[in-house]
Amino acid sequence: MTKKKDIKILRVTHLRGPNIWTYRPVIEAWLDIGELEDFPSNTLPGLNERLTTWLPGLIEHRCGVGTRGGFLERLQEGTWAGHILEHIVLELQNMAGMKTGFGKTRSVGEPGIYKMAFRTREEGVGRAALEAGRELLLAAINDEPFDMKGTVERLTDLVDRRCLGPSTGHIVDAAIDRKIPYIRLTDGNLVQLGHGAAQRRIWTAETDRTGAIAEGIASDKDLTKSLLASCGVPVPEGAVVKSADEAWEEAQDIGLPVAVKPIDGNHGRGVSLNLMTRADVAAAYEIASKEGDSRSVLVERYIPGNEHRLLVVGSQVVAAARGESLFVTGDGKSNIIALCDSQINTDPRRGPTEEFPLNPVVPHESEEIMLDLKRQGLSPESVPQDGQKVLIQLNGNVADDVTDIVHPEVAYAAALAARIVGLDIAGIDMVCEDISRPLQEQRGAIIEVNSSPGLLAHIKPASGTPRNVGEAIIAHLFAEGETGRIPVVGVTGTLGTSLISRVVGCLVHLTGKHVGVANGEGLYLDQREVTAGDSMGFDAGQRLLINRTVQAAVFESNAATILAEGLPYDRCTVGVVTDMQSEDLSELYISDQAALANVVRSQVDVILPEGAAVLNAADPAVVELAELCDGRVIFYALDEHNEVTARHRASGERIAFVRDGRMMLAEGAQETPLLELAKIKPVTAKYPESLLAAAAAAWALEVPSDLICAGLRTFDATPKKTN
């Protein structure tokens with residue numbers, strides 16, 4: 001067939017906050033599909049077959065049909081290239097391990113021009129998926145080859161490098177389930193949960209409650225053992241040595257067999273177990289001494305049994321996993337490297353990245369495995385006899401869930417160990433033959449206490465029940481009912497919105513809260529100007545939300561900023577809309593009142609159910625937004641007899657108005673007089689509608705009426721500078 005013209009990507013925007021498409025971050029792409037406007041999918045021979053061959057997961061896309069296979073139905077019926085590209089990009093992200101599902105594509109009214117939005121969890125991955133998706137679609141349309149395998153591998157590598165790790169992501173997902181907002185603070189796994197003064201921070205399984213002293217203790221195995229032993233927690237007998245000769249002397253004093261490990265190592269590296277000879281102890285000493293930060297090595301009594309990892313969160317054991325020794329069986333033909341590949345590494349649970357609960361086994365890259373093989377008279381290149389069983393690793397695969405059978409005394413010992421060290425979240429390594437029995441009955445012992453423990457063995461155990469440890473961590477950080485939120489007020493429109501935001505900040509500050517304001521004039525903390533100039537952008541807003549002193553925040557936005565970046569917060573307590581006007585947005589394909597209303601409604605869409613919308617009753621287009629609010633609605637108007645406010649008040653709801661020169665609040669029949677406009681500073685009193693909106697917003701935040709009056713009387717539009 002004749003080769004079709006290119007699909008041009010005209011513009012790509014990362015909308016980081018709530019936007020005209022959805023509450024979540026999306027990438028918005030403007031597309032020119034050119035000649036393909038005349039060729040829907042049902043007119044392109046072989047397109048559907050090539051797409052479903054390359055992307056079999058498209059069967060799961062429900063699309064607007066709402067059932068499995070819905071998108072494929074649309075393909076058969078005929079849909080356009082922009083819509084097809086949307087689903088390709090979503091599926092490429094899914095195949096790369098970054099699950100997403102939301103997408104929309106809409107014509108802008110010009111032939112061939114479309115706006116397409118798709119959910120992405122990481123901007124760089126989303127942009128790469130967009131480019132790859134375009135290439136894939138053009139190859140499918142023109143019946144050209146496409147490197148599907150290489151594309152998915154490149155995207156998967158991007159996901160591994162740029163997205164949250166699985167443990168951190170699991171905790172963040174648990175926070176989202178609790179409606180707790182989050183902000184990623186770095187390209188790594190440092191994440192803020194909640195906003196302002198209500199926030200907590202995590203770094204994988206470490207939290208802002210994890211003390212540096214506790215971490216230091218946990219990293220010193222000898223000190224940890226000493227503290228545990230002094231409190232009656234069973235630990236193996238042992239001592240610190242500084243040479244191979246000392247290690248052998250200590251091994252003889254303790255009694256063989258022994259274990260040798262670095263005093264400040266982690267993740268099991270450098271640990272050798274069940275050592276019986278001087279040569280083995282010396283070799284193990286050299287391995288261990290290279291892992292830690294010093295030549296100091298710990299020699300301990302070897303404890304027979306299986307290694308277990310118990311996860312303690314707060315004061316409770318929330319998950320437990322058991323490890324077992326790893327063997328291969330010879331076939332008389334293959335060496336040990338090949339046997340590991342064919343008998344161990346084929347397990348789908350093994351992989352090189354964090355998303356796999358088990359690591360691949362590469363004998364010649366592990367000194368510990370090399371030592372175990374040497375003790376058996378073997379090397380990685382050895383070919384075991386047919387049926388010969390070869391030990392590869394002792395207790396190196398902690399991945400079988402045993403949470404439900406942990407004996408209460410064992411759980412108590414693990415929780416006590418975490419408290420003794422001082423960790424709020426800890427991984428307790430314990431060796432025993434049967435975790436359903438007390439340790440004293442079987443000479444079991446705690447061998448290590450770990451800060452920042454890995455969570456994957458509990459989230460995705462090799463066998464047994466997956467544990468929602470993220471939920472336990474969130475419950476530890478946030479009490480029941482806590483959301484990590486501070487009061488947030490959003491002000492959208494063009495009529496006095498900067499003044500409204502400043503006044504609201506002033507009124508809330510009078511209640512004793514530290515208040516941040518980000519508006520078109522600057523960035524303010526407690527009415528002091530921190531940064532002059534337009535601060536309506538996403539980054540300025542984030543500065544307030546990550547500030548741990550801020551107890552309430554007020555943000556100004558307009559249609560242009562919502563279209564450019566989205567709102568700088570996910571939800572708000574109060575949303576104020578002053579009008580449905582805007583500067584010329586025709587270049588953004590916003591050319592009529594309906595399109596503008598679709599943008600401005602974003603401010604109302606994000607109001608929390610327990611919150612309120614403050615709407616200008618004098619603007620019919622703003623009044624129509626009331627039905628979109630999940631919370632209450634407060635209408636304001638200068639005219640007490642405004643038809644909208646009168647009807648709203650008659651139904652028992654709240655309004656704000658002016659009567660005989662005095663600002664008034666009313667809820668049903670109950671009235672609360674505020675301040676006479678004549679008593680407000682003239683520079684401020686010139687904008688009575690803005691003052692009404694600000695007073696109504698403060699009322700929605702339960703600011704007492706006397707403080708509202710005091711704030712209106714003393715408000716100074718001239719900000720103080722921060723030195």
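The figures here come from the full heavy-atom set of this structure, side chains too, leaving out hydrogens, waters and symmetry mates. Numbering of residues begins at 1 and proceeds along the displayed sequence.
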Taking the six-membered ring for Trp, is the centroid-to-centroid distance between F39 and W80 below 6.0 Å?
-> no

Which heavy atom in A319 sits nearest to a heavy atom in T403, and how many Å separate them?
-> CA-OG1, 3.4 Å

Would you name the heavy atoms of G165 and N189 that are closest together and state the gap between them?
-> N-OD1, 2.9 Å

Consider only side-chain N and O atoms of Y114 and E86, and report whether a donor and an acceptor are under 3.5 Å apart.
-> no

Provide the closest heavy-atom pair for V574 versus A700 in the form atom of the first, atom of the second, distance.
-> CG2-CB, 3.7 Å

Check whether any side-chain heavy atom of I176 lies under 4.5 Å from a side-chain heavy atom of R24, and answer yes or no.
-> yes

Any chance the side chains of T494 and Q581 put a donor and an acceptor closer than 3.5 Å?
-> no

Are S167 and T204 linked by a side-chain donor-acceptor pair shorter than 3.5 Å?
-> no

T186-R184 side chain donor-acceptor pair, cut-off 3.5 Å | no

Can you measure from CD1 (I7) to CD1 (I84) and round to the nearest 0.5 angstrom?
-> 8.0 Å

Give the minimum heavy-atom separation between Q603 and S557, together with the two atoms involved.
-> OE1-OG, 3.9 Å

State whether a side-chain donor-acceptor pair under 3.5 Å links D400 with S463.
-> yes

Would T53 and R50 count as having a side-chain donor-acceptor pair, cut-off 3.5 Å?
-> no

Which residues satisfy the salt bridge (Lys or Arg N to Asp or Glu O under 4.0 Å) test with R127, sequence neighbours excluded?
-> E123

For the residue pair F118 and H87, is the inter-centroid distance of their aromatic rings smaller than 6.0 Å?
-> no

